[in-house]
Structures are given as structure tokens and as C-alpha cells.
Engineer: 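Sharing a structure here in C-alpha cells format.
Residue numbering restarts at 1 for every chain, and letters A, B, ... go by the order of the sequence lines. Here the structure is a predicted model, which means the values were calculated and not measured.
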Number of protein chains: 2
Amino acid sequence: MVTLNDVAKAANVSKMTVSRVINHPEQVTDELKQLVFKAMDELDYHPNFAAKALAANTTRIIKLVILEKVDTVEPYYATLLMGVAQFLNAHQYALQVVTQKNANIGDCDGYIITGARNNDFDWIQDLDRPIILYGENRHNYDFVDSDNKYGTFLSTSAAINDGYQQIVFLGIELKESFEYSRERGYMDTMQKSGLQPQIVRFGNHSSEAQQYIQDHWSEFKKNTCFVCSSDRLAIGVERGIQKMGGNIPEDFGIAGFDGVFLDQIAEPKLTTVKQPVMAMGSKIAELLMQKINQASPEAEQNPNRERMEVMFSPELIRRNTTRNYHLN
Amino acid sequence: MVTLNDVAKAANVSKMTVSRVINHPEQVTDELKQLVFKAMDELDYHPNFAAKALAANTTRIIKLVILEKVDTVEPYYATLLMGVAQFLNAHQYALQVVTQKNANIGDCDGYIITGARNNDFDWIQDLDRPIILYGENRHNYDFVDSDNKYGTFLSTSAAINDGYQQIVFLGIELKESFEYSRERGYMDTMQKSGLQPQIVRFGNHSSEAQQYIQDHWSEFKKNTCFVCSSDRLAIGVERGIQKMGGNIPEDFGIAGFDGVFLDQIAEPKLTTVKQPVMAMGSKIAELLMQKINQASPEAEQNPNRERMEVMFSPELIRRNTTRNYHLN
DNA sequence: TTGTAGGCGTTATCAA
DNA sequence: TTGATAACGCCTACAA
């Protein structure tokens, strides 16, 4: 294993100079820097993760907390994780994937929390390291999310432009921030267009949405679009319409939300609001590292400090469940 | 932070004794052990990951290599990862999730490799740490997998017992070990029952399976069961049958393979061969740690050493795409 | 601007 | 069986 010392010898300097070239390059003359870089290169030097952590009295470990029942684990976690991992790897941080149950075993430098519901915040509050949440929240925690309101604005206004007359919103029966934002995006867009909003809500299961469509089939005139708060619901709607013999997308349109995996599984493939999950994962890691590096007890306590909220713009992917897919 | 030293003082012993209590308890008298345990407990001592790694000249990092295009990432990865993470966390190992591209950045103690295809083995061969693969292979690497042959034995023989007359196997067009095993399980079971096997193969996409069903609809008599090599294919079959107006499960049965996520998304829900993905994840981690702890250059080189192959028995989940779901 | 000394928490080695 | 010492690779603090 190549160490600082080896590089130092090769470059004919002390190991502190090498260390400085890495961590405080501005304190070293260009001349020496060149020598050191050359030596590092030739020896293929890679800093030792553990030694770094030990000396700095940090762990260089980030915990990714998944607050969902294990058997429910949504497919987007895999993608989110890839994004997180990418950034972390590049900055020599290791990852620990945990559930709430075993989250307190062992130390770490910071937390990424996903799937947090309102009743999780008691627990989250007790964590004593920097935290970034995946998902907007009303508890004043820093977060990264896609712009949920803008997302349903996109799908709702597309439905309007496509000429659907009746536009129904299928929401998730959950008193969570992201759901409110999605409903708001729909409401605002409808109102601006002078259209009558109509919202129904279910648990996030395709079967409930399907059942709803079948039970209320007579209420839907041709030329109706269903704007959904998730692809799961959208798939249920699609099945319900197919079962009742409705024509997609000519007479009935469907727009989903999420754009991870499920939208591709559906047939016809879903028009959906796609979240850039991978990029969001990287951003979360980036923000967390930023917080870790600035971390000071005062800063953390300061009620006036600015809250970090990063919203990614989702994108409307037009596919085969809304009319003008041929424009795509 | 509580260190070995703190515990040692509290227990009135040297820190080496404390260290031994943790790592070589058989070398310490019961008397002292009790004292040390008590002190550790009272102080809530947790060993320092980085210090351990530094002293032992290891990294205590395991790389999980995902060899798939990022946008394809299958949902089961999330579940597998939870299994791996669970074991690793319990043993103070950290995880690094990487793709092939960035797998060589930074050191590690071992590799877990998933999604390896035949053309990946050139690269895998160059890795110089213990390796466990997820998935059987013909390259003599240690692996954990579900018993693929047994899996299709289960689904095929259930189809026979359910009284389906014609039993068609839909395979994945891939020259990979797992696919051969699944086809073999079907073939053997058919032959033993004196039935005529019939195999067709596609890329692993639901649309291809659906198309096949529609194109060949006239060839399938009522009382046919489609045994599939993946839930993706099974979903396609289900759609094809529905489109053609076939009756599931009375006239046409479907059995999938995998049992992660997709089987639940289908409607009717799929009868499928479920792999215990979470448990397999834990087992992979366990085997890898075992290898790491025994690791010696000779052992690794020894061509006679026993290959580790752990097969998990999958389970047939009877749901609504085969006849006797009411038995469930 | 550069170098020296000491310490981070743990473990292997050797001595008692 | 137990304890003292040195080492792992890096970084901070201080000295030159």
C-alpha cells in the first residue's frame, strides 16, 4: 500500500507537504506541488480512508435510513441509492443502509432519510448529526424533492391542452406535504382555466383506483382525463378503463406521477410526470456533505439559519395514455 | 466518545484486556470478562470503526457492484441491498455501491457482484479481493442464488397437477446459467410426466411475450398453462390472454418467476416462484465475510478448494393466475 | 513556506 | 492470563 510517506520520499519532501498538497494546496509553492503530483501519480497513491477518518475524528460514514416496511420497498430506492452512492464514492464517504430499527447502531457523520411520514419526526428529532430528507416536509428539515406542484401543473395543463373536457384528480389519501403540493398544482391549474376541479383519494394501490373507475364508470363522459398522484394509481385507472371497454387515449386520458419503472410496465405505457431520481440522490449527498463540513453546534441551533430546500423540476413524459403522444 | 481506554479505566484493567474481551474472549478469565462487560455496558461503548480498520490494515468496506445499465436497475436490487446491509451493519462493515465504471476507485476488502453476464468475467477476473456473486455462473465463482431448476420444477409440476393439458415454457433469450437451469427444471418435469415440452424464448420484455401470445393465439387450446422464466414475461402473457379474451385461470394458466414487486402489480396477481431475495442478500454478505476472514493467497489460488455454492429454495406462491388459487 | 512531534482508537507482539 | 509498547496512515499544532 502506498502511503503519504512513500509519496514524500519519492518527491523528496516531508509527508506534511504531501498532506498539504491534498488538503490545503494554497499553502504550498507551485514548484513543490508539481513534484508531489508527479510522485502521487507515479506511485498511484490513494489516501487511506480509515486513517483519514481516525485522524479527523469522524466516521466518513453516511447512513441512508429507509423508513418503510421492508417488503414494500419501492423500486425507486434502488435508483435513488445509485445517485447517492455516486456522489459519496467520489468524496470518500461510505454508506450504511439502515432501517429505523437498526439506525442507532454505530456512529456516523450524517443522515439521509427517505420515506419519512409525519409520525416519524419524533424519532428524527433525536438524531444528533446533520440530516437531509428526501421529500418535502412541514417540520422545517432540509430536503430535496421534485417540485410536486409544478409536476401536476404539467400534467393537468397538458390534459387541458389536449382538449379533455372533464379532468379528475386521483390523489393519495395521506396527510403529507408532497400530496398537498400535487393537489395544489392540479387545483390552481384548473381554477386558472375556469374548470371545475374534482378530487378523489385512495390508498396508494392500483386495485383501489381500478375499483373506483369501475364503480363510477357511468359518471365519466367520453373525453375525460384522469390526472393521478402516482403511477400506481394510474395503472389501476388504466386497467379499470380497459375493463369497462373505454378507449385510451381517445376517449379517456391518464397521466401518472413518478416515472420510475411502473410507467414502463403499464400497457399502453403511461404518460407520466417523471422525477429525476438519480440526480436527486446525488444532490442529497452533496447537500449533506456541505452541512457536515460547515457543521458547528451554533449553526445547527440557529433558528434563523436558512433552510435548504432544493426542488428539481420534473418532466412530463408523453406516452400512450394521453392523446397527443404522436407529437413525441 | 467512549474509547477502549475509558472502558479499561472503569474496569480497572489494561486496554488490551478490553480489546481481548472483544476479539479473543477465550483468552480472558471469566472474572475479568464480567468486569469489562459491565463497564462497556455502563459507558455504552461502541468500537471505533476507523481505528479498527487502520490497525488491522483493512478497509472494512465491501463493494456491491451493480453490473446493469443504471436506468434498467431492477426493483429487486433494493431488497437485495437491504439483506446485504443488514448483515454488514451487524458486523461493522460499510458498504460502497458502485457500477463497473467506478468500481476501481478506492480500496475494499471484498466484492459482491450482481447482474454479471458472461462477458463481464474478463473484468471480474482482475479483481484481487474475495468475491461472491449473486447468481449462478459457469466461471467457477462462488455464488448465492435461488435453486432455479427447483423453481421451475415447482411451477411446472403445479401446472400439471392443476390439470392443464398443454404446458408451454416462455424463456429468456440469454445464454446464461440461470436460464439454462430454469429451462432444465421445466424439461425434466415434463419428461418425467411423459408430456411434450414446448419452449419459446424472448428478450425479457413483457411486450414481446404479449405479442407472441396474440400472434399465436389460435395454437393454444383451452386448458393451457404458460410457465415463464420471469414475472416480466408472465405479465406480458397475462395481457395477451386478456386482450384475446381468454379466461384466466380457468382456460389459461400463468406462472411467473421472481416474486419481487411485479407479481403484485399484475392483475390478476401472478402465481409465481418467489425468491427469498432479502435472505439471499444476507447470506452473500455472510459468505463474503467468511472468505475475507480466512483469506490467504494460497487458499485463493488453490484450484482444489471447494467452491461455495449456496442455493436457496424458492417457493411457489399460488395466486390468481392458476386454477387452484382457492386452495391458498 | 516547510518540517517535526504527537495523537486519533485499535490491535499484534512480546515480555512479565 | 495480563500488561506495556509500537504500529497502522493521516492531520493538527507548533516550530523553524
Side-chain angles (χ1 to χ4, degrees), chain A residues 1-37 39-40 43-61 91-94 106-109 292-293 295-296, chain B residues 1-37 39-40 43-61 91-94 106-109 292-293 295-296:
Chain A
M1 153 173 262
V2 181
T3 72
L4 267 192
N5 234 328
D6 300 329
V7 177
K9 277 181 206 152
N12 248 315
V13 296
S14 77
K15 56 184 190 173
M16 264 323 295
T17 302
V18 180
S19 173
R20 272 194 274 259
V21 168
I22 296 169
N23 300 300
H24 308 284
E26 74 282 359
Q27 299 178 7
V28 183
T29 55
D30 284 351
E31 201 179 3
L32 281 189
K33 252 188 290 198
Q34 294 318 318
L35 283 175
V36 171
F37 279 135
M40 291 199 301
L43 297 174
D44 191 29
Y45 168 75
H46 292 287
N48 181 300
F49 173 91
K52 202 177 222 172
L54 183 60
N57 195 17
T58 72
T59 64
R60 298 197 82 83
I61 289 178
H91 292 78
Q92 282 225 298
Y93 272 78
D107 212 4
C108 70
D109 290 349
I292 289 172
N293 293 329
S296 69
Chain B
M1 149 173 268
V2 181
T3 72
L4 266 192
N5 235 326
D6 300 328
V7 177
K9 278 181 204 152
N12 248 316
V13 297
S14 77
K15 55 184 190 173
M16 265 322 293
T17 302
V18 180
S19 173
R20 273 194 272 260
V21 168
I22 296 169
N23 301 300
H24 308 285
E26 73 284 359
Q27 300 178 6
V28 183
T29 55
D30 284 350
E31 202 179 5
L32 281 189
K33 251 187 289 199
Q34 294 317 317
L35 283 175
V36 171
F37 279 135
M40 290 200 302
L43 297 175
D44 192 30
Y45 168 75
H46 291 287
N48 181 300
F49 171 92
K52 204 176 220 173
L54 183 59
N57 195 16
T58 72
T59 63
R60 298 196 80 82
I61 290 178
H91 292 76
Q92 282 225 300
Y93 272 77
D107 212 3
C108 70
D109 290 349
I292 289 173
N293 293 330
S296 69

Engineer: Okay, side chain of B:D6, backbone of B:T3: is any donor-acceptor separation there less than 3.5 Å?
Structural biologist: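 Yes, because the side chain of B:D6 sits within donor-acceptor range (under 3.5 Å) of the backbone of B:T3.
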
Engineer: Nearest-Å distance, CD (B:Q92) to C1' (C:dT10)?
Structural biologist: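 Whole-Å distance recorded here is 11 Å.
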
Engineer: Rounded to 10°, tell me the angle between the two end axes of the helix from C:dT1-D:dA16 to C:dA16-D:dT1, each built from five pairs.
Structural biologist: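 Both end axes considered, the difference amounts to 40°.
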
Engineer: Can you give me the closest heavy-atom contact between B:A11 and B:V36, atom names plus distance?
Structural biologist: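 Heavy atoms only, the tightest pair is CB-CA, 4.1 Å.
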
Engineer: Donor-acceptor pair, A:K33 side chain versus A:V21 backbone, under 3.5 Å?
Structural biologist: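 Side chain of A:K33 to backbone of A:V21: no pair is present.
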
Engineer: Testing the basics here: between A:R60 and A:D109, what is the closest heavy-atom pair and its distance to 0.1 Å?
Structural biologist: N-OD2, 2.8 Å

Engineer: Please list, in 5' to 3' order, the outermost nucleotides of DNA chain D lying under 4.0 Å from any heavy atom of chain A.
Structural biologist: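 That gives a stretch of D:dG9 to D:dT12.
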
Engineer: Given atom CG of A:N12 and atom C1' of C:dT1, what is their separation to the nearest angstrom?
Structural biologist: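 Distance, rounded to whole Å: 17 Å.
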
Engineer: Would B:V2 and B:H46 count as a side chain to side chain contact (heavy atoms under 4.5 Å, CB included) if you check the C-alpha gap in whole Å, the side-chain angles of each, and the deciding distance to 0.1 Å?
Structural biologist: CA-CA 7 Å; B:V2 181; B:H46 291 287; over 6 Å; no

Engineer: C:dT1 P sits how many Å from A:E31 CD, rounded?
Structural biologist: 13 Å

Engineer: Please give, in whole Å, the distance from C:dT2 P to A:K9 NZ?
Structural biologist: 20 Å

Engineer: For B:Q27 and for A:V2, locate the closest nucleotide of DNA chain D by heavy-atom distance; then report the residue assigned to the nucleotide nearer the 5' terminus.
Structural biologist: B:Q27

Engineer: Which heavy atom of A:F49 sits nearest to which heavy atom of A:T59, and what is that distance?
Structural biologist: CZ-O, 4.1 Å

Engineer: Indicate the atoms forming the closest heavy-atom contact of A:V7 with A:M40, along with that distance.
Structural biologist: CG1-CG, 3.6 Å

Engineer: Using a 4.0 Å cut-off on protein heavy atoms (strictly under), produce a 5'-to-3' string for nucleotides 11-16 of chain C with B for base contact, S for backbone-only sugar-phosphate contact, and - for none.
Structural biologist: BB----

Engineer: If I compare all heavy atoms of A:L54 with all of B:A50, which pair ends up nearest, and what's the gap?
Structural biologist: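 That would be N-CB, 3.9 Å.
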
